[in-house]
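Per chain, numbering begins at 1; letters A, B, ... match sequence-line order.
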Amino acid sequence: MIRLVETAFDPGALLSEFTRGRSETGAVATFTGIARAEAGATTVLELEAYPGFTEAEIGKIAEQARERFGLHDLAILHRVGKIGPGEPIVFVATAAGHRRAAFEACDFLMDYLKSRAPFWKKEHGPGGARWVEPTAQDHADRERWT
Amino acid sequence: MIRLVETAFDPGALLSEFTRGRSETGAVATFTGIARAEAGATTVLELEAYPGFTEAEIGKIAEQARERFGLHDLAILHRVGKIGPGEPIVFVATAAGHRRAAFEACDFLMDYLKSRAPFWKKEHGPGGARWVEPTAQDHADRERWT
Amino acid sequence: MARVLLFGPLRDLAGWRERDVEAASLAALRGALAAEDAALGEALGGPGVQTAVDQALVRGDAPLSPRSEVAFLPPMSGG
Amino acid sequence: MARVLLFGPLRDLAGWRERDVEAASLAALRGALAAEDAALGEALGGPGVQTAVDQALVRGDAPLSPRSEVAFLPPMSGG
């Protein structure tokens, strides 16, 4: 499941659905990214996607992750539009036979999503709005997998 | 939150509760361990704890994780008693400012829980029951953190 | 004729997000956009700006049909 | 007198999980258990078996009060 949503979502509801009815999956790892208030420095985050293209590009990486880590399943849900502090931005879940594969695949997918996925991000704060690019740390994190 | 429970639980409900109302936590990682059917080889898993002692020992490692990874919060819930295939055994959630710390702390806690936590585990299968000890892989996983 | 989509900072720069433009090729389309808005024309050729025709990335020129969708994608910020 | 708890395979070996045993020290307690069940006595001294008095791990001997809780913990399997 790869999905973009414009409204707030509950990562717990996604995890409930993702874990249900698995009898051969020993391990489920998840990651939830939450918009930080940064002590008032960021009031709203605005994320733009290219519908269709963005899901397809994420899908390519999801396929890589499935093969590389032998995943049984995965789910990626990403908010777009305006996101307030404390609201979840992204949820990734990975299911595998054993925990190492589930953790690594989740970590890999997040490194990709944070540094290369087709989103454009604007931070609205008290001093105005600015477009954000991935940090050097984001690029370094992604390089770990090459 | 460190808790042992004797009945089935929904990891999603725990994640919903854990993510609620966080405005400075950018990252929540979770792990859910699920009892595998092993294609019929294991029918029921039985986990014994030493109530009080088991939570206290897990609490010591939780404190280590908090300090080492700068966690904002963590939650550990572990089933005890008889667990059927497909049922969650353990849920770990970690909250941190950034994703690397959340992932690593979750991974660290699981390596400890799988190899050293005060549980005694019996597998009931078609051929009878046997007590299980940690695998060589479990020990090797834990050694990564020393 | 093609449907043109701008994303991220390109949209702010141009002041629009989506328009129909008369052009038989990507090169002609770029020319038409630059003739009308020099700053946008320059930005479209800027570092890291990618172009997608009908949701597939293309390099260099490409023919456009009347129903082509052309997207200009500035460097992606990740989610 | 102390409350004795056995866990994991020790419980299966002894056939009981929890009992009160008359003993003023850990050493005396081990002696009493071994006198009654030699296999259990041997297992309690086996590799990796730890002993907790009132939920704190102890090595060697220790005095026991009438309300002490003594737990014999075979190698832990993890969860």
Side-chain angles (χ1 to χ4, degrees), chain B residues 2-5 31-35 45-61 76-81 83 87-92 109-124 128-142, chain D residues 1-21 23 25-26 29-30 33 37-79:
Chain B
I2 294 171
R3 199 142 47 101
L4 305 181
V5 292
F31 181 83
T32 305
I34 300 173
L45 202 64
E46 190 177 351
L47 269 174
E48 195 183 357
Y50 180 6
F53 180 83
T54 297
E55 293 95 318
E57 290 292 306
I58 294 173
K60 289 178 195 168
I61 299 294
I76 298 173
L77 189 132
H78 213 295
R79 270 291 289 281
V80 292
I83 305 166
E87 292 183 7
I89 304 170
V90 57
F91 174 80
V92 172
L109 287 166
M110 277 309 306
D111 281 350
Y112 164 77
L113 287 166
K114 291 295 287 184
S115 65
R116 285 253 293 262
F119 292 102
W120 296 275
K121 181 160 54 180
K122 207 177 201 174
E123 280 177 7
H124 297 265
R130 68 179 192 96
W131 290 98
V132 184
E133 299 210 1
T135 64
Q137 183 63 50
D138 288 329
H139 287 301
D141 285 345
R142 199 191 64 245
Chain D
M1 182 91 148
R3 170 122 296 223
V4 180
L5 305 177
L6 300 181
F7 289 90
L10 290 175
R11 166 170 46 92
D12 284 0
L13 176 74
W16 51 271
R17 185 198 149 89
E18 196 166 333
R19 280 179 58 183
D20 289 327
V21 177
S25 71
L26 257 187
L29 174 65
R30 288 172 183 278
L33 292 170
D37 180 341
L40 177 62
E42 193 174 337
L44 294 182
V49 175
Q50 299 182 87
T51 308
V53 175
D54 295 331
Q55 305 221 337
L57 295 175
V58 298
R59 285 166 182 277
D61 199 10
L64 298 179
S65 80
R67 285 184 174 163
S68 295
E69 177 180 279
V70 178
F72 292 103
L73 310 171
M76 295 154 182
S77 66

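- With a 4.5 Å cut-off on non-hydrogen atoms, L113(B) touches chain D through its backbone but not through its side chain.
- Annotation: residues 66-79 of chain D contacts chain B through E69(D), A71(D), L73(D), P74(D), P75(D), M76(D), S77(D), G78(D), G79(D) [non-hydrogen atoms, separation under 4.5 Å].
- If you measure heavy-atom distances from V132(B) to chain D, the contacts under 4.5 Å come from the backbone alone.
- No donor-acceptor pair under 3.5 Å is formed between the side chain of T51(D) and the backbone N or O of V58(D).
- The structure places CD1 of I58(B) at 10.0 Å from CG of L77(B), a figure rounded to the nearest 0.5 Å.
- Heavy-atom minimum distance, F7(D) versus A49(B): CE2-O, 3.3 Å.
- Looking only at heavy-atom pairs under 4.5 Å with chain D, the residue among R116(B), K121(B), E48(B) that has the most is E48(B).
- Heavy atoms closer than 4.5 Å to chain B are found in the backbone of L6(D), but not in its side chain.
- Here the shortest heavy-atom pairing between P51(B) and Q55(D) reads O-NE2, 3.0 Å.
- If you tally non-hydrogen atom pairs under 4.5 Å between each of M110(B), K122(B), E46(B), R79(B) and chain D, the highest count goes to K122(B).
- Sparse packing is recorded around CD of E42(D), with 12 or fewer heavy atoms of other residues, nucleotides or ligands lying under 6.0 Å away.
- Taking each heavy atom of A35(B) and I83(B) in turn, the nearest pair found is CB-CG2, 4.1 Å.
- Taking all atoms of both residues into account, the shortest heavy-atom contact from I89(B) to I34(B) is CD1-C, 4.0 Å.
- For the pair A39(D) and L13(D), the tightest heavy-atom approach, listed with the atom from each and the gap, is O-CD2, 3.8 Å.
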